[in-house]
Protein chains: 2
Amino acid sequence: MTQLQRRKIPDAAIARLPIYLQILNNLAATNVLRFSSDELAALAGVNAAKVRKDLSYLGSYGTRGVGYEVTYLIHQIKRELGLMREWNVVVVGAGNLGCALAKFDGFLSRGFPVVGIVDNDPKKIGRTTSSLTVGDVGDLKNIVRDEKVNIGVITTSSAAAQSAADALIDAGITSILNFAPVVLATPSSVSVRNVDLGVELQILSYYEQMRIESGSKVQSAPQLNSVGAR
Amino acid sequence: MTQLQRRKIPDAAIARLPIYLQILNNLAATNVLRFSSDELAALAGVNAAKVRKDLSYLGSYGTRGVGYEVTYLIHQIKRELGLMREWNVVVVGAGNLGCALAKFDGFLSRGFPVVGIVDNDPKKIGRTTSSLTVGDVGDLKNIVRDEKVNIGVITTSSAAAQSAADALIDAGITSILNFAPVVLATPSSVSVRNVDLGVELQILSYYEQMRIESGSKVQSAPQLNSVGAR
DNA sequence: AGGGCTTAGTGCATTAATTCACAAAGTCCA
DNA sequence: TGGACTTTGTGAATTAATGCACTAAGCCCT
C-alpha cells in the first residue's frame, strides 16, 4: 500500500511549480543568474515562505544567504514535472477551438507537440490545419500507437465529449485535458483536468457581482481555478 | 471592517457551483424534476456531504426525505453566481485563440456575450470574425463604455499581456480572464483568473510520469486547476 | 578571523476544506 | 395514525494548505 512513489509533493505545490518554471525561464532569458525566494514570490504573487516550502519539496537546492541558481532550479523543476522529455498530444474535435489549439505554438514550445487531430464529422476529416490533417476519430487507436501519443485533448461538443474520452481511454491514453463543459466518467487510473471557460467566467461574475452589491469593498477572486469535480 | 457582504461562501464551494449548475441544466433538459445530493454527487464526481454543504450555503432549499427541486436550485445557483443578468465580454488579442473564443458559442450561451475584440496589430485591425470587427486596442476605453463591458479576456502574446491588462484596468474593467502564460500585476481590487494551457499539460505530465515511474500504481491528478498565483 | 548581514529551510500554529456521522424532518403506505 | 424509510442539514473530527517566526548557514567586509 504505502509505496515510496518518490516524494509526496502536495497537489497544491505541484500546481504552482509550472508557474515558477515559467517565471524562471523569463529570468534566464534576461540573463539573471540567481534569485531569492522573496524575488520569486513577488513575481509569482505569492508568499515567500510558500515559495521556499514548495521548492524544498524538490530538495535542498538553495544556498542560505544567497538564494537559488536560476538554471539549476529550472532543471530541477523540469525533472520533477516530467518535462525532461516531450509528451505527444492528440486533439479530439476539429472545431474552432480544436484547430486553434492544434496551431497554438504554446503547446509545442513547452514540450507538448500536437501530433494529431481527429474528428467524427466526415466534412472535417481530411482538412488540413497548419501541418496536420484531420483524421477520423475511429483511427484514434492507430494514431496513438503510431505517433506515441501520451495526452488527449478533448475539444468536442459536450454531447460528444464522453465518447471521445472513451475512445481515448480505449486507445490507451491515461491523461486527458477536457475543454467540454461536462464531467467525464473515467476510471480512477486516468488523470483528467478540466478547462471550462464558462465556469471561469461564472466565477468571475460572482466576485464582480459581490463588488457591485457591496460598493466595491469586496476582495477579488482567487486566481486558482478549482474545477473541483472528482 | 466586518461588513455583511451577503453570506460568506468558501472559494472552493463557489468554484463548484458552476459545475452543479451545468449538471442541473442537463437534468432540466431531460425533464428531471428532483435530485438528491447523492445523485448530484455521483454526476459531479464528488462526495455527497460536500454537495449538501455547498448547497446549504445558498440556503435551506432541500426537503428532507425528498431532495432538491431542479429548477428551483438552478434559479438559486444562478442568483448566487450573479447569472440573472448578462455580462459583456471584450477579447484583447485577435490571434488564433482570441478569434476562436470570439466565435465560441459557449460564452454567449452561458450569458457572456462577446461584444468586442481588439488588437494592436494594424494588419489585424479591421478584419471581421463572425459578427465582430477587430478594433484598435487604443479604443478600448470607448468600447468598454459604449458596449458596457464587464469582463476582459486576454489572449495576446505573453509579451503584450501586461499592457493589455493595464489597458483593461485603465478602461475600468475589474474582472479579467487571462490566457497568456504570465502572472499579471494588478491592483487587488481586480479579479484575475488564469487559464494557462501549458500549465495544465505540465500538471498532467507530472502525474503521467508518476504513473510510469511507479508502474502505474499511482493516483491521478486532481481535476482542479489551482493556478495558485496571487 | 570575526561580526554583521542575508536568506534558505522548517517546526509549529493557524486557517481552510473535506468528510463523517447523526439528529431532524419529511414522505409513503398499511 | 403510526412506523419504516429516505434524505437533508450541520456539528465535530480530520486532513490539507498556508504563513509565521526562528534556526542554521553561508557571504562579505573590515
Side-chain angles (χ1 to χ4, degrees), chain A residues 2 7-17 19-20 24 32-70 72-73 76-77 203 219 221-230, chain B residues 2 7-17 19-20 24 32-70 72-73 76-77 203 219 221-230:
Chain A
T2 317
R7 227 164 286 120
K8 173 57 191 165
I9 302 185
D11 291 333
I14 289 296
R16 281 187 296 267
L17 289 180
I19 297 169
Y20 300 153
L24 294 185
V32 175
L33 298 181
R34 281 208 284 252
F35 67 97
S36 69
S37 59
D38 265 325
E39 290 163 353
L40 179 53
L43 292 170
V46 301
N47 183 292
K50 195 186 279 178
V51 168
R52 290 198 296 276
K53 190 153 284 187
D54 288 346
L55 295 185
S56 78
Y57 295 124
L58 305 174
S60 279
Y61 297 134
T63 308
R64 295 174 192 222
V66 179
Y68 304 84
E69 235 188 278
V70 173
Y72 191 59
L73 248 288
Q76 292 302 332
I77 294 176
I203 294 170
Q219 83 288 11
Q223 286 199 16
L224 49 81
N225 302 355
S226 326
V227 180
R230 158 67 52 75
Chain B
T2 318
R7 228 164 287 117
K8 173 58 192 165
I9 303 185
D11 291 332
I14 289 295
R16 281 187 296 267
L17 290 180
I19 297 169
Y20 300 152
L24 295 184
V32 175
L33 298 180
R34 281 208 284 251
F35 67 98
S36 69
S37 59
D38 264 327
E39 290 163 353
L40 179 53
L43 292 171
V46 302
N47 183 294
K50 194 187 278 180
V51 167
R52 290 198 296 277
K53 190 150 282 190
D54 287 345
L55 295 184
S56 78
Y57 295 125
L58 305 174
S60 279
Y61 298 133
T63 307
R64 295 172 193 225
V66 179
Y68 304 85
E69 234 188 277
V70 173
Y72 191 58
L73 249 288
Q76 292 302 332
I77 293 176
I203 294 170
Q219 83 287 13
Q223 285 198 17
L224 50 80
N225 301 356
S226 322
V227 180
R230 158 67 50 78

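Since the model is a prediction, treat every value here as computed from it, not as a measurement. Here is the naming used below: chain letters follow the sequence lines, and residue numbers restart at 1 for every chain.
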Could you state the atom-to-atom distance from [atom1] of [X] to [atom2] of [N] in whole Å?
{"X": "K50(A)", "N": "dA17(D)", "atom1": "NZ", "atom2": "C1'", "result": "8 Å"}
{"X": "D11(A)", "N": "dA16(D)", "atom1": "CG", "atom2": "P", "result": "9 Å"}
{"X": "F35(A)", "N": "dT7(C)", "atom1": "CZ", "atom2": "C1'", "result": "12 Å"}
{"X": "L55(B)", "N": "dT7(D)", "atom1": "CG", "atom2": "C1'", "result": "13 Å"}
{"X": "R16(B)", "N": "dA16(C)", "atom1": "CZ", "atom2": "P", "result": "15 Å"}
{"X": "D54(B)", "N": "dT19(C)", "atom1": "CG", "atom2": "P", "result": "11 Å"}
{"X": "L58(A)", "N": "dG9(C)", "atom1": "CG", "atom2": "C1'", "result": "13 Å"}
{"X": "Y72(B)", "N": "dT8(D)", "atom1": "OH", "atom2": "P", "result": "16 Å"}

Q: Output every pair passing salt bridge (charged side-chain N to carboxylate O under 4.0 Å, His left out) with a member in residues 33-47 of chain A, not counting sequence neighbours, ordered by first then second residue.
A: none
Q: Check whether any side-chain N or O of Y57(A) sits under 4.0 Å from OP1 or OP2 of dA8(C), and answer yes or no.
A: no
Q.
Less than 4.0 angstrom between a side-chain N/O of S37(B) and OP1 or OP2 of dT8(D), yes or no?
A. yes
What is the distance from atom [atom1] of [X] to atom [atom2] of [Y], rounded to the nearest 0.5 Å?
{"X": "Q76(A)", "Y": "Y20(A)", "atom1": "CD", "atom2": "OH", "answer": "16.0 Å"}
{"X": "D11(A)", "Y": "I203(B)", "atom1": "CG", "atom2": "CD1", "answer": "9.5 Å"}
{"X": "L73(A)", "Y": "L58(A)", "atom1": "CG", "atom2": "CG", "answer": "7.0 Å"}
{"X": "R52(B)", "Y": "S36(B)", "atom1": "CZ", "atom2": "OG", "answer": "9.0 Å"}
{"X": "K50(B)", "Y": "L40(B)", "atom1": "NZ", "atom2": "CG", "answer": "12.0 Å"}

Q: Mind checking side chain to side chain donor-acceptor pair (under 3.5 Å) for E69(A) and listing every partner two or more places apart, or none if nothing turns up?
A: none
Q: Tell me the stems DNA chain D sits in, counting at least three consecutive Watson-Crick or G-U wobble pairs, each under 3.5 Å on both distances.
A: C:1-30 with D:1-30
Q) Does the pair Y72(B) and Y61(B) meet the rule for a ring-ring contact (aromatic ring centres under 6.0 Å, His included), with working shown? A) CA-CA 8 Å; Y72(B) 191 58; Y61(B) 298 133; 5.3 Å; yes
Q: Heavy atoms under 4.0 Å is the rule here; annotate nucleotides 20-30 of chain D 5' to 3' with B where the base is hit, S where only the sugar-phosphate is, and - elsewhere.
A: BB--BBSS---
Q | Partner set under side chain to side chain contact (heavy atoms under 4.5 Å, CB included) for A42(A), not counting sequence neighbours | A | none
